[in-house]
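First the proteins, then the strands, lettered A, B, ... as listed; each starts at 1. Source: prediction; values computed, not measured.
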Amino acid sequence: MTEPAPALEVAGLHFTYPDGRHALEGTDLVVFDGEKVAVLGPNGAGKTTLMLHLNGIHTPTRGTVAVGGLPVVKANLREIRRRVGIVFQDPDDQLFMPTVGQDVAFGPANLGLRGDELDARVADALSAVGMSRHRDRAPHHLSFGERRRVALATVLAMQPDVLVLDEPSANLDPASRRELVEILLTLEITLVMVTHDLPYALQLCPRSVVLDSGMAAADGETRTLLADAALLARHRLELPYGFDRRLLEVDGVDAARRV
Amino acid sequence: MNNAHGTGLYMDHTGRLHRLAAHSKLVGTLGFVAAVVATPREQWWSFVADGVIVAMVAVLAGLPLGLLARRLTIELPFIAFALLMPFVGNGPTVRLAGVNLSQAGLWSAWSIVAKGTLGVAATVVLASTTAVPQLITGFERLRVPRALTAIGAFMIRYLDVVTGELQRMRVARESRGDRARWLWQAKAVGAGAGALFVRSYERGERVFLAMESRGYTGTLPSVRRGDEPRHWAACLAPAALASACAIAAWRFR
């Protein structure tokens, strides 16, 4: 076996919250380098709990998580958090520094970067999300879509191997939604996206995993999964009203990507 | 940056003072105020000179003097207190317009008004030319403990978020017929405050998670850079002039 270790490997993950609620009950997930995977599931399926295991915020009750072959355990947390960047759902939770630039610098500074190197990281990350002009502004003076893009920049600045997004399309207006897709499609990075926004998953991720009751219920091509009405219904997932089902046909995907 | 919450007194334009390093400005302001306070109150000309210095700095900063005067009104309550002193002071009195006024009280009142006004004017100039985030960074560079500057930074950042939530809750409450004007409606306001507290607490937890995810281990990275001697010279000049006035005032006393 000389294959490189997968970017992410979750095996038999169990997690019980202190109040006794079982959030994950034997989740398995393998993501290879460069893959873009959507984790789909209704509210309360354990999506966010799974996400918080990927960088060691939560410690598994049972089971293992590894990032690029490195097990997620306390001794490796520093490196794990460099490798896995999580963009949280509410940018107000993520952006807490007085200015955009300082916030983007927070992560790489924690990694020990200083001076010009730090400046360059901040500049690159902000330009990747098209927010260079706003470096000295206060986060609360930005629009919601802009704040989400800055939140993405704060994570990109750490140059992670795996980018994890929690409901990236939540609360975005259609234009901000499209702008974010355009940015995400330019990134050459392993991407895991936690969402219940099925068209967004189709647009960004060739592969999807359906998570329900703390277990991976299905894993396959996003298009195929979304075309399976019975599967979606079983897991309380639904395509929105007005969704063009032609996008689920073989040549439809390319059209969808261009949207 | 507009002049909404969080930026407060800051006047957004690019004057000469705006570009100076915040920590130098902080030290300069503090030095100026200390010099003013140390000036003997009998030497009134010294205070006039200090006043001219503040006005010149304000003009150099491109601040309208009218604005400076309006912002000085913040000290009115203190002035009201100072004006009482001639009436309640002890010791020898002078008769002015048929009223006996205490001499010591008059001097004290003059001292409070003169020194207070100059001090407030200097801080108004500082606050109008330095954005709050820069002030925080300035304190950091002056080695104020990181815990204190971090509390300040968080407060400024989340003040807006929490006021926003409070507003939305108020609008939602009033949309359902509540006017929060009468005592019996206080219950709804109280419940709202409780909910806001819990929400803010939960947000605190989420912010911490997000910080941890970006490698936070308990100390905020500091953003210290090299000092600019030019900035120091410019920022300390008013303080030096005021100190010279104070020393002269003591000598010719």
Side-chain angles (χ1 to χ4, degrees), chain A residues 48 51-52 54-58 77-116 118-119 122 134 136-142 144 147 151 154-158 160 164 166, chain B residues 1-8 10 12 14 18-19 22 130-140 146 149-165 199-200 202-226:
Chain A
T48 304
M51 186 187 79
L52 292 176
L54 301 182
N55 73 345
I57 295 280
H58 284 338
L77 279 189
R78 191 184 153 91
E79 173 60 15
I80 291 292
R81 284 174 187 166
R82 191 209 52 81
R83 290 189 188 183
V84 180
I86 299 188
V87 182
F88 288 86
Q89 190 176 338
D90 185 348
D92 279 333
D93 292 343
Q94 189 136 16
L95 308 176
F96 64 94
M97 296 289 269
T99 69
V100 167
Q102 285 175 15
D103 212 301
V104 177
F106 174 77
N110 281 331
L111 297 178
L113 267 65
R114 295 287 182 272
D116 293 341
L118 184 61
D119 276 347
V122 174
H134 303 287
D136 293 321
R137 289 182 70 192
H140 53 265
H141 292 147
L142 302 175
F144 192 85
R147 269 181 282 163
T154 66
V155 170
L156 291 180
M158 299 179 75
V164 182
D166 187 10
Chain B
M1 220 178 272
N2 61 31
N3 226 341
H5 299 283
T7 47
Y10 183 63
D12 190 18
T14 39
H18 288 68
R19 286 193 296 269
T130 319
V132 181
Q134 289 176 329
L135 279 177
I136 299 273
T137 321
F139 279 119
E140 246 162 53
R146 296 282 296 159
T149 55
I151 291 171
F154 276 111
M155 198 186 75
I156 292 156
R157 171 65 184 93
Y158 287 102
L159 190 64
D160 245 36
V161 175
V162 176
T163 5
E165 265 176 44
R199 280 204 218 172
S200 303
E202 286 174 347
R203 181 180 295 282
E205 282 197 338
R206 291 198 305 271
V207 171
F208 181 69
L209 281 188
M211 288 170 72
E212 256 198 319
S213 297
R214 286 196 281 155
Y216 178 70
T217 50
T219 44
L220 288 166
S222 122
V223 280
R224 286 195 191 112
R225 299 218 177 121

Engineer: Taking atom CZ of A:F96 and atom OH of B:Y216, what is their separation to the nearest 0.5 Å?
Structural biologist: 8.0 Å
Engineer: Taking B:R214 as the fixed residue, which of A:R82, A:R81, A:M158 is the one that meets the side chain to side chain contact (heavy atoms under 4.5 Å, CB included) rule?
Structural biologist: A:M158
Engineer: What option among A:V155, A:L95, A:N55 has the most heavy-atom pairs under 4.5 Å with chain B?
Structural biologist: A:L95
Engineer: What are the two closest heavy atoms between B:R203 and A:D93, and how far apart are they?
Structural biologist: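 Closest pair (atom of B:R203, atom of A:D93, distance): NH1-OD1, 2.7 Å.
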Engineer: Non-hydrogen atoms of chain B under 4.5 Å away: do they reach the side chain of A:F88, the backbone, both or neither?
Structural biologist: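 The answer is the side chain of A:F88.
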Engineer: Are the side chains of B:M211 and A:N110 in contact, using a 4.5 Å heavy-atom criterion?
Structural biologist: no
Engineer: A side-chain contact here means heavy atoms from C-beta on lying under 4.5 Å apart; do A:I57 and B:S213 qualify?
Structural biologist: yes
Engineer: To the nearest 0.5 Å, how far apart are CG in A:L52 and CD in B:E212?
Structural biologist: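 So the CG of A:L52 and the CD of B:E212 are separated by 10.0 Å.
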Engineer: If you count heavy-atom pairs under 4.5 Å between each of A:D90, A:V84, A:V87, A:I80 and chain B, which one has the most?
Structural biologist: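 Looking at each option in turn, the highest pair count goes to A:D90.
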Engineer: Would you compute the distance between atom CD of A:Q94 and atom CG of B:L209 and round it to the nearest 0.5 angstrom?
Structural biologist: 11.0 Å
Engineer: Please state whether the side chain, the backbone, both or neither of A:D166 comes within less than 4.5 Å of a heavy atom of chain B.
Structural biologist: neither
Engineer: Rounded to the nearest 0.5 Å, how far apart are NE2 of A:H140 and CG of B:L159?
Structural biologist: 8.5 Å
Engineer: Taking side chain as everything from C-beta outward and backbone as N, CA, C, O, which of these in B:Y158 sits under 4.5 Å from a heavy atom of chain A? Side chain, backbone, both or neither.
Structural biologist: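 The answer is the side chain of B:Y158.
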Engineer: Between the side chains of B:R206 and A:D92, is the shortest nitrogen-to-carboxylate-oxygen separation below 4.0 Å, so that they form an ion pair?
Structural biologist: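 Looking at A:D92 and B:R206, the cut-off is not met.
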